[in-house]
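Hydrogens, waters and symmetry mates play no part in the numbers below; they use all other heavy atoms, side chains included.
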Amino acid sequence: MASELIEKVRSISGKNIYSCYQCGMCSASCPMAPFMDLLPHQVIRLLQLGNPDVVKVKSIWVCVSCMTCTDRCPRRVDPGTIFEALRLLTLRKGIDRIRYKDLRDLHEAPSMALIAVSRKMTG
């Protein structure tokens with residue numbers, strides 16, 4: 001099962017997670033790192049170890065896909081794209097991270113914010 005998850009992530013992202021040697025550049029440059037439960041390089045390590053709970057990590061949903069990690073990674077592992085693949089795999093299982101009926105004050109939110117959250121957090 002672990003190798004199946006890794007293969008699916010590789011297939012979706014086109015990235016080899018085993019290229020990561022845990023330098024931490026992605027985590028050091030991530031603007032969302034203070035809000036994550038695990039830093040980006042730690043999430044990649046969980047995935048390298050084949051831990052199926054990696055899809056339950058809050059960090060993959062906190063990532064704003066700014067791709068700073070991509071720019072800084074010396075091995076071109078691209079954690080942002082890997083996080084997107086993990087989100088997609090979760091959504092394909094029918095697990096939504098947000099329910100519209102639970103949102104309040106939608107009329108005050110910029111339309112782009114609503115579109116972004118819809119794309120990122122619902123199936």
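Annotation: the span from Ser59 atom OG to Leu38 atom CG amounts to 5.0 Å, rounded to 0.5 Å. Atoms CD1 and CG, on Ile12 and Leu89 in that order, are 4.0 Å from each other to the nearest 0.5 Å. Summarising the geometry, atom CD1 belonging to Ile17 is positioned 6.5 Å from atom CD1 belonging to Ile82; distances are rounded to the nearest 0.5 Å. Atoms CG and SG, on Leu47 and Cys20 in that order, are 10.0 Å from each other to the nearest 0.5 Å.
Side chains of Gln48 and Arg45: a donor on one and an acceptor on the other come within 3.5 Å.
Screening Cys23, Cys69, Cys26, Cys30 for a side chain to side chain contact (heavy atoms under 4.5 Å, CB included) involving His41 leaves a single residue, Cys26.
Ser13 places no side-chain N or O within donor-acceptor distance of the main-chain N or O of Ala85, the cut-off being under 3.5 Å. Thr68 places no side-chain N or O within donor-acceptor distance of the main-chain N or O of Ser29, the cut-off being under 3.5 Å. Using a distance-only test at 3.5 Å, with no hydrogens or angles considered, a donor-acceptor pair links the side chain of Arg87 to the main chain of Ile60. Here the side chain of Asn51 pairs no donor or acceptor atom with the backbone of Leu46 at under 3.5 angstrom.
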May I have the step-by-step check of side chain to side chain contact (heavy atoms under 4.5 Å, CB included) for Val54 and Leu5, ending in yes or no?
-> CA-CA 10 Å; Val54 71; Leu5 174 64; 3.8 Å; yes
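Sorted by first and then second residue, the pairs that involve residues 9-32 and meet salt bridge (Lys or Arg N to Asp or Glu O under 4.0 Å), not counting sequence neighbours, are Glu7-Arg10.
Residues Met67 and Ser65 are in side-chain contact: their nearest non-hydrogen atoms beyond the backbone lie under 4.5 Å apart.
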Under 3.5 Å, sequence neighbours excluded: what are the donor-acceptor pairs made by side chains of residues 71-81?
residue	atom	partner	partner atom	Å
Arg75	NE	Ser19	O	3.0
Asp78	OD1	Thr70	OG1	2.3
Asp78	OD1	Thr81	N	3.2
Asp78	OD1	Thr81	OG1	3.1
Asp78	OD2	Thr81	OG1	2.4

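Residues Val64 and Met25 do not share a hydrophobic cluster, clusters being chains of Ile/Leu/Val/Met/Phe/Trp/Tyr side chains in contact below 4.5 Å. Residues Leu39 and Phe83 do not share a hydrophobic cluster, defined by chaining ILVMFWY side chains whose heavy atoms lie under 4.5 Å apart.
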